[in-house]
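Reviewing the structure listed below.
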2 protein chains.
Amino acid sequence: MKKPKENNGNVTLKEVAAVLGVSTMTVSRAINDKPNVDALTKKKILDTAKKMGYTPNLVAKSLVSSKTYTIGVVIPEISHSFFPEVVKGIQEEANKKNYQIFLTNTSDDFETEKKVIDALRAKRVDGILVSSSQTKEDVGYYQKIIASGLPLVFFDRCFENIGASCIGVNDFSASQQITEHLINRGYKRIGYLSGPRKVSIGKERFGGYVAAMNQHGLEIDDRWVIENGFNEAGGYHAMGKLLTLPEKARPNAVAAVNDPVAFGAMDAIREAGLKVPDDIAIVGFTNDIRAGLVASPLTTVHQPAYEVGKKAASKLIKTIEDRTERVENVQLITKLIIRKSCGS
Amino acid sequence: MKKPKENNGNVTLKEVAAVLGVSTMTVSRAINDKPNVDALTKKKILDTAKKMGYTPNLVAKSLVSSKTYTIGVVIPEISHSFFPEVVKGIQEEANKKNYQIFLTNTSDDFETEKKVIDALRAKRVDGILVSSSQTKEDVGYYQKIIASGLPLVFFDRCFENIGASCIGVNDFSASQQITEHLINRGYKRIGYLSGPRKVSIGKERFGGYVAAMNQHGLEIDDRWVIENGFNEAGGYHAMGKLLTLPEKARPNAVAAVNDPVAFGAMDAIREAGLKVPDDIAIVGFTNDIRAGLVASPLTTVHQPAYEVGKKAASKLIKTIEDRTERVENVQLITKLIIRKSCGS
DNA sequence: CTTCGCTATGTTAGCGATAACATATCGTTC
DNA sequence: GAACGATATGTTATCGCTAACATAGCGAAG
């Protein structure tokens with residue numbers, strides 16, 4: 001025989017008010033530190049609220065205010081070491097501003113991505129932070145989202161000219177730079193292990209590679225460019241395919257779209273009984289936590305993951321809190337990290 | 001001159017109803033696929049709802065149902081490679097059951113932990129998943145949470161006999177096992193780089209080490225056990241301290257509470273001009289993504305991170321949906337991974 | 001052809017909180 | 001001491017949705 005109303009054991013304003021014989025408004029005012037509450041009343045309210053274990057119901061508050069202090073984060077793959085760092089940056093910035101984050105993982109699948117975003121909308125997040133699995137082909141979906149007025153900031157992988165801010169790096173020029181590094185080392189036959197080019201980073205990084213090759217008058221054999229996934233397995237298969245070419249038709253250096261792909265490729269190279277960098281030199285992109293540790297430490301591009309997250313969150317929150325905040329495309333500084341995989 | 005009511009551009013049931021000249025209840029029923037709606041009416045409603053871009057407001061729904069389909073996840077450090085894997089497991093399980101997750105990072109600080117949990121409660125999550133920074137000293141806080149009826153499942157780091165389920169591994173016996181492995185290799189002077197022992201994993205793993213030493217009649221010099229943080233910096237400092245001992249007073253092998261600590265220790269060893277395992281052998285715990293890659297590949301204990309996450313989420317959701325679900329302490333299988341850092 | 005009972009639909013109230021307006025109380029001021 | 005303004009408190013309506021109850025319409029059964 002307990003109280004008939006259960007409510008998950010949560011105490012409401014009304015219950016606190018009833019105990020003290022005051023109105024709920026007075027309790028609300030006291031708890032929210034609003035003016036016009038007698039000091040003594042306020043003290044009594046705060047005391048009993050605490051004694052009763054009152055916790056404000058933000059769901060109800062959100063319904064009134066149309067504000068949830070929640071942002072959705074949409075990420076392709078939490079296991080790729082770049083993203084936990086980004087998430088950490090987002091997390092810290094968001095927490096500082098009293099926002100919570102909904103973390104969702106899309107496994108780089110666009111259908112999943114749309115589904116989770118719909119779920120986030122239904123939960124009325126104040127805005128979303130997206131690293132999309134698809135930034136080149138189907139722009140319609142995001143155009144609609146942006147048109148609907150939901151604040152949105154992209155990070156890492158950007159849509160261009162779509163009316164949303166993006167925080168990332170200059171993938172084109174960083175990729176060009178690292179390819180040039182290989183060229184300066186004397187390599188001329190350079191292949192490319194690409195990720196899906198329907199994603200901005202896939203396209204941009206590939207573009208940087210092409211630009212560097214062209215600029216130096218080097219030829220790109222069609223068979224040297226292999227497109228596959230953004231992960232180890234993708235790199236492993238792509239390199240496997242390259243290795244089916246007869247030795248003299250093969251590149252003796254490859255640039256990979258990111259570090260996981262480079263690691264997968266290294267495995268394939270090793271399994272073929274070849275050595276990095278002696279037989280095939282390789283460079284990556286990201287500066288994964290493992291990059292300096294693998295058998296042949298990987299030359300790569302450092303991306304400031306934590307800062308990307310922090311900046312993205314901060315931009316989103318600014319956009320949420322001031323709708324006139326301007327759209328901007330931020331490119332943070334990358335750094336070439338030279339290790340041994342490109343020949344010493 | 002747009003419509004006066006803005007509402008963030010979101011369409012409501014009422015608006016859809018108004019367009020069709022039916023009541024909101026009919027629309028609600030149609031959209032939620034409830035019985036007693038004429039097929040034709042339903043079709044018309046669904047069509048106009050879609051045309052108008054209606055998205056249900058789950059905030060309002062939650063207020064009515066006291067159910068948010070949201071779970072809070074509290075982890076100490078997203079950068080430690082164990083946790084992203086756990087989060088991935090949680091994520092996938094939760095998504096399958098239509099829950100969203102709030103991810104929060106505590107930086108292993110108990111005050112932050114309490115603060116984020118309060119925030120999660122205020123947002124009325126249906127339950128929380130916690131890897132606490134504090135599982136041995138201040139039990140009061142969690143006792144209160146559990147008593148309040150909020151479903152709670154611990155993972156990785158457990159409180160015992162507190163009335164909440166916990167999903168982890170048998171830290172004691174795994175630690176005992178890996179210490180024994182060192183002993184079997186012939187090491188007798190074995191030190192221990194501990195994490196905070198106010199946390200279950202800190203205490204249990206240390207206990208396993210002590211048990212193995214005792215069982216083999218080996219002495220533990222007080223100066224060989226150093227307590228510091230759970231991360232690289234902690235291991236670096238702890239090992240630095242060990243290295244201040246004169247060489248003959250030093251252990252020639254150490255067990256670390258986890259892999260990041262082992263990595264930090266390895267750095268300190270290298271900086272001191274010593275070699276692993278020749279001068280000092282070392283073993284870790286976790287099987288961090290880097291464990292096989294470092295200069296002296298680390299012998300360690302593999303923990304099934306993904307499964308821990310999946311199981312924890314599944315247990316929590318069961319507990320949420322059926323309050324009679326019994327409390328249980330699940331210990332998943334670990335595996336000793338032998339590499340070179342313990343001598344070959 | 002009345003009555004029962006089913007289906008389709010509508011109305012009301014309430015989830016917990018707050019904004020906006022209304023009222024009460026009290027000390028000042030002239 | 002009447003009138004005013006400030007402060008403290010209460011009342012009402014509303015956010016978007018749904019449970020619960022109410023009603024209308026229509027075919028089947030007697």
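Because the structure is a prediction, the values reported are computed rather than measured.
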- Kindly assign one of parallel, tilted or perpendicular to the pair Phe82(B) and His80(B), based on the angle between their ring planes and the thresholds 30° and 60°. tilted

- To the nearest Å, give me how far apart CD1 (Ile45(A)) and P (dA17(C)) are. 13 Å

When you compare the protein's N or O atoms with those of nucleotides 5-9 of chain C, which come within less than 3.5 Å of each other, and at what distance?
residue	atom	partner	partner atom	Å
dT9(C)	OP1	Thr41(B)	OG1	3.0
dT9(C)	OP2	Asp38(B)	N	3.0
dT9(C)	OP2	Thr41(B)	OG1	3.4

- Task: Answer yes or no: does a side-chain N or O of Ser28(A) lie under 4.0 Å from OP1 or OP2 of dT18(C)?
- Result: yes

- If you pin Val64(B) and Met25(B) to their nearest nucleotides in DNA chain D, which one's is more 5'? Val64(B)

- Query: Between dC15(D) atom C1' and Leu13(A) atom CG, what is the distance in whole Å?
  - Reply: 16 Å

- Message: Test salt bridge (charged side-chain N to carboxylate O under 4.0 Å, His left out) on Lys310(A) and Glu307(A); report intermediate values, then the result.
- Response: CA-CA 5 Å; Lys310(A) 211 166 159 84; Glu307(A) 286 75 21; over 6 Å; no

- In whole angstrom, give the distance that lies between atom CG of Leu63(A) and atom P of dT18(C). 12 Å

- Item | Heavy-atom pair with the smallest gap, counting every atom of Thr12(A) and Tyr54(A) | C-CE1, 3.7 Å

- Message: Measuring to OP1 and OP2 of dA8(D), would you say a side-chain N or O of Lys34(A) lies under 4.0 angstrom away?
- Response: no

- Could you give the CD-to-P distance, from Glu15(B) to dG16(D), as a whole number of Å? 8 Å

- Cation-pi, Tyr69(B) ring and Lys67(B) (6.0 angstrom, 45 degrees): yes

- Query: Under 4.0 Å between a Lys/Arg side-chain N and an Asp/Glu carboxylate O for Lys97(B) and Glu93(B)?
  - Reply: yes

- Message: Side-chain N or O of Lys61(B) versus OP1/OP2 of dG16(D): is the shortest distance under 4.0 Å?
- Response: no

- Task: Quick one: sort the Tyr142(A) and Phe159(A) rings into parallel, tilted or perpendicular, breaks at 30° and 60°.
- Result: tilted

- Short side-chain N/O contact to dC15(C) OP1/OP2 from Asn57(A), under 4.0 Å: no

- Query: Asn32(A) CG to dA17(C) C1': how many Å, rounded?
  - Reply: 9 Å

- Measure from NZ on Lys44(A) to C1' on dT9(D) and round the result to the nearest Å. 13 Å

- Task: Among the candidates dG16(D), dA19(C), dG16(C), find the nucleotide nearest to the side-chain atoms of Thr12(B).
- Result: dG16(D)

- Rounded to whole angstrom units, what separation is found between the NZ atom of Lys14(A) and the C1' atom of dC15(C)? 9 Å

- Query: In whole angstrom, what separates Leu40(A)'s CG from dT25(C)'s P?
  - Reply: 18 Å

- Message: To check you understand the geometry: which heavy-atom pair defines the closest contact between Phe102(B) and Gln100(A), and what is its length?
- Response: CE2-CB, 3.6 Å

- Note on the structure: Of Ala60(B) and Thr24(B), the one whose nearest nucleotide on DNA chain C sits closer to the 5' end is Thr24(B)

